[in-house]
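Right, one structure below, let's go through it.
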Amino acid sequence: MSGRDDVSRHPPRRLDEIAARVSAARADAAARGETFYPGPSRIHLAAFPPTERWDEWVELESTDWPRRTERRYMLVPTTCFNCESACGLLAYVDRDTWQVRKFEGNPEHPGSRGRNCAKGPATLNQVTDPDRILQPLKRAGARGSGRWEPVTWDAALDDIAGRIRSAIVEGRPNEVMYHVGRPGEDGFTERVLASWGVDGHNSHTNVCSSGARAGYHFWTGIDRPSPDHANAEVILLISSHLEAGHYFNPHAQRIMDARQRGAKLIVMDTRLSNTATHADYWLAPHPGSEAAILLAIAVHLVRTGRHDREFVRRWWNWEEYLAAERPEAPRTLEAFEEAFLDLYHRFTFAFAAAESGVPEDTIARVAETVAGAGSRLSTHTWRAAAAGNLGGWQVARTLFLLNCLLGAVATPGGTYPNAWNKFVPRPIHTPPHPDSWNELTWPLEYPLALNELSFLLPHFLKEGRGKLEVYFTRVYNPVWTNPDGLSWVEVLTDERLVGLHVALTPTWNETAFFADYVLPMGLGSERHDLHSYEQYDGQWVAFRQPVLRAARERAGAQISDTRQVNPGQVWEENEFWIELSWRIDPDGALGIRRFHESRQRPGEKLTVEEYYGWIFEHSVPGLPEAAAAQNLTPLAYMRRYGAFEIRAGVGPLHEDPVPDSELQDAVQDASGRVYTRAPAPDSPNVVPVGTPEPDAAGRRPVGVSVDGVIRRGFPTPSGRLEFWSRTLDAWGWREEAVPGYQRSHVHPDALDADQMVLISTFRLPTQIHTRGGNAKWLDELAHTNPLWLHPADAARIRVSTGDLVRVETEIGAFVVKAWVTEGIRPGVAACSHHMGRWKLHDQGQRQIMATVDLAQRDGRWRMTRRSGVRPYPSDDPDTDRIWWTDVGVHQNLTFPVHPDPISGQHCWHQAVRVTRAAPDEAYVDITVDTGRAHEVYQKWLSLTRRADQHAPDGTRRPYWLMRPLKPSKDVYRLPAGVPDEHAD
Ligand code: SF4
């Protein structure tokens, strides 16, 4: 470990400089006739061990230098679990000790191409963390008392299974809930829940990306973008992709590739992020004004005739818009363009400048740059503004508007709908859709929310909307991650509301302290998962695997249970869920067990080998052939290489003509949407994103007629890109049916004279929610979160860097240190999340968690720090070298919930008062009034338009909108007794 002095003597080089050196090295290599890496990376990776030597790789032991000690390794691929990017890792398994010595990048992974960020190799820290949980624990005192006793897996499984079985048998399926933070897998657990027949899936997504998802989904029917950064001429980002954005490392390296070719980079971020420092244009708008700028650019494109008229004519549903909103206008493109300019007439550069604070001429220059991109404009937003503001989902909608105007959709250098660059294989068993609807996650107030209203759960429970018999949290820490964490503490400590809380986690977290069982689950190198993410115009599938198991098996051992090779009693979830499902339904009478039985050995338990072996053999195109060419089974191929590229260059799938074989008996509606007569008989319960849903009559859309040719189109109701959303219009949001600009809840007009905006949505590149906390290298790099303040604000408040300031929110306050910087707009403060970890008792993570006192009286809470981090003895000598004491402030505790009435996204930005801390206030002091938090929740709830008052068809939710786990169509109907005023 190095101290601060070392760091300052060796300042990091700028990324551009490093990139230029890499580029020059590549050019030199090419001049010497050296070939690029032959695998799917397709880039020069001369430093990687060739795959034919992965069984027996010899390196010198670096710590023995200058002695030359040889170490023998077996190299085993797996997938990083430290963010959502799923980069490939290569575990160096010591052949003598059978322990992992290090993790490096996997050059066979097409997404990450052998590269990782700091968090990838730090997986090693997590594996060897002396504070990790190694055995199942059961609460031995009151919840939160910190008293635990060891329990066997058998006893825990029997208790949990018994309670779930009772809930199912007694007709209380909605009392079983699985609440996941980072899934890190595609569909396994949704399938398990479907097999139990429960609508029990809950996610973190509404505190993360639902805003952006909604913006994309209403345009394309698909909830994510897939920008082809590497081939773009102009890259427009509303987030910090070079350091922490979505699909960070895979995207960052492609952005740098484009920059080296001369592509322009435009970054909108109120704060000077590392990404903004690399931009050609850094725009620091007032938070929430981004859509006003984007609409001004859109108007400029149309007014100057720089848009792709032919693309708009063929692929937008402009005729639907004219029919609905301008029925008097002729149905011509010219009339639509006129209507467009009329609709957005107020979005001049001057208006955008007034709203955003960005100079008018800067916006004009950016608009010209965007116009010059043509179809090579790649754009991306995720979290950031879309997750910060009331109406933030319109930021994504107006950003993608630019792609739609330029025809930069599914083009080289443009932005694809993600489903075309992602692959979801069909699993071995497909349980039916659950026959229940859980209003604790999908309440009537939010019929259009893109994901579960997860962060409102404490308020729903307090209001008596339901209770939970068994509540799983898995890689999820709502007490710390969500806003309003102390309302979570209040319900988690009330056994009438939460009967049994099971925390599935590799490491201690603030929510696990309030569990009944803490069950140790495997890290990225200790478990199986499958994933495929959109990171370029291609499709790949990657395999996370327990590397010690794979290594032992490669060496000839027989392993039947991952616990045989994992540390302590750490298990993997796949085997846990299969075992739990068998115990819920031991004799198969409930119809659950059959979905967890072997196909090869009927009546016996499904194994992970068979589960993944079946998928690789039957569901991944091209993999069996690639494996056979190397005399491997498909499973052995994936165990050896860790990833497989199914397709490169997917291209514009919406243009694909629909084959005649799919059009027999097809019918076409007035707008050109083409349907088959019925859906496939056994449609899976987890429908791959991008699959069009049946209409009200049960007909499945297969295409759309464009100039007389039936093409695949987009999975929207119209089959086209929906500039005008008939769904938003029909469900009571006519004014939001087109891309628009809604003034944020932190718009200057909404602030009191003494208030500022607090941005809390950014993260540090080297920390990642709860999981980064048990990685010592990451903790050393980043362990605090001072408040960014502009010098003008600092002068007004009379503070300097390091002084304590008090930040007052609607429900409480926190005390933090000031960091005075010009890298933030005046009037705006910023504080990173992923900091302020805490524990109440001795157990817990000691490298990044402060020990605190937490007291409550009549819903008024107070948290004070008892001690910070300090060195401690352990098996790892580095814990004695800990030099930091500060771990930052847990600001999220002081935020009330702000659910956007359409997308359901929590709107993170806060209107705050920042003042000098009083003499009796100490660093990281926190006060919260949870009664007031409930009032704020009710205020935001009143903004909604309920399904039972606005649904056009008597249902709870438009059936075509995505849901992670779709229940049966029958339960979409509003329950009897609920007024259905608008049913047809
Ligand atoms: S970007 Fe970093 S943390 Fe995320 S998966 Fe890749 S290596 Fe892991």
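Just so it is clear, the structure is predicted and the values come from calculations on it, not from any experiment.
Residues forming a side-chain hydrogen bond (donor to acceptor under 3.5 Å, both in side chains) with Thr78 (at least two apart in sequence, or on another chain): none. Residues passing the side-chain contact (heavy atoms from CB on, under 4.5 Å) test with Glu104, sequence neighbours excluded: Tyr92, Lys102. The salt bridge (charged side-chain N to carboxylate O under 4.0 Å, His left out) test applied to Glu808 returns Arg806, Arg913, not counting sequence neighbours. The ring-ring contact (aromatic ring centres under 6.0 Å, His included) test applied to Phe543 returns His528, Tyr612, Phe616, not counting sequence neighbours. Taking His204 as the reference, nothing meets the ring-ring contact (aromatic ring centres under 6.0 Å, His included) condition, with sequence neighbours excluded. Residues that satisfy the ring-ring contact (aromatic ring centres under 6.0 Å, His included) test with His769, not counting sequence neighbours, are His833, His834. Residues satisfying the salt bridge (charged side-chain N to carboxylate O under 4.0 Å, His left out) test with Asp96, not counting sequence neighbours, are Arg72. When the side-chain hydrogen bond (donor to acceptor under 3.5 Å, both in side chains) test is applied to Trp488, no partner is found at least two apart in sequence or on another chain. Remark: Asn274 engages Glu243, Pro765 in a side-chain contact (heavy atoms from CB on, under 4.5 Å) (not counting sequence neighbours). Residues satisfying the ring-ring contact (aromatic ring centres under 6.0 Å, His included) test with Tyr517, not counting sequence neighbours, are none. Arg563 is linked by a side-chain hydrogen bond (donor to acceptor under 3.5 Å, both in side chains) to Asp561, counting only residues two or more places apart in sequence or in another chain.
Remark: Asp878 engages Arg881 in a salt bridge, criterion side-chain N to carboxylate O under 4.0 Å. Between Arg862 and Asp925 there is a salt bridge, since at least one side-chain N of the basic residue sits less than 4.0 Å from a carboxylate O of the acidic one.
Aromatic ring orientation, His531 versus Tyr533: parallel (interplanar angle below 30°, classes split at 30° and 60°). By the 30° and 60° cut-offs, the orientation of the rings of His179 relative to Tyr471 is perpendicular. Ring orientation note: the planes of Tyr178 and Trp577 are nearly perpendicular, at an angle over 60° on the 30°/60° scale.
In this structure, a donor-acceptor pair under 3.5 Å is absent between the side chains of Ser760 and Gln891. A donor atom on one side chain and an acceptor atom on the other are found under 3.5 Å apart for Thr473 and His501. Neither side chain, Arg865 nor Tyr923, offers a donor N or O lying under 3.5 Å from an acceptor on the other.
At least one donor-acceptor pair under 3.5 Å links the side chain of Glu921 to the backbone N or O of Ala918. Asn116 places a side-chain N or O within 3.5 Å of a backbone atom of Gly88 that can act as its donor or acceptor partner. Of the possible polar contacts, none joining the Arg71 side chain to the Ser62 backbone as a donor-acceptor pair under 3.5 Å is found.
We find the CZ-CD distance between Phe895 and Glu810 to be 10.5 Å, quoted to the nearest 0.5 Å. Atom CG in Leu787 sits 13.0 Å away from atom NZ in Lys817 (nearest 0.5 Å). With values rounded to the nearest 0.5 angstrom, Leu778 atom CG is found 8.5 Å from Thr123 atom OG1.
Residue pairs meeting the salt bridge (Lys or Arg N to Asp or Glu O under 4.0 Å) criterion with at least one member in residues 507-518, sequence neighbours excluded, are Arg139-Asp516, Arg143-Asp516, Glu510-Arg837.
Only one option out of Arg763, Arg271, Arg383 pairs with Ser240 in a side-chain contact (heavy atoms from CB on, under 4.5 Å); it is Arg271.
Cation-pi contact between Arg544 and Phe81: present, with separation from the ring centre below 6.0 Å and deviation from the ring axis of at most 45°.
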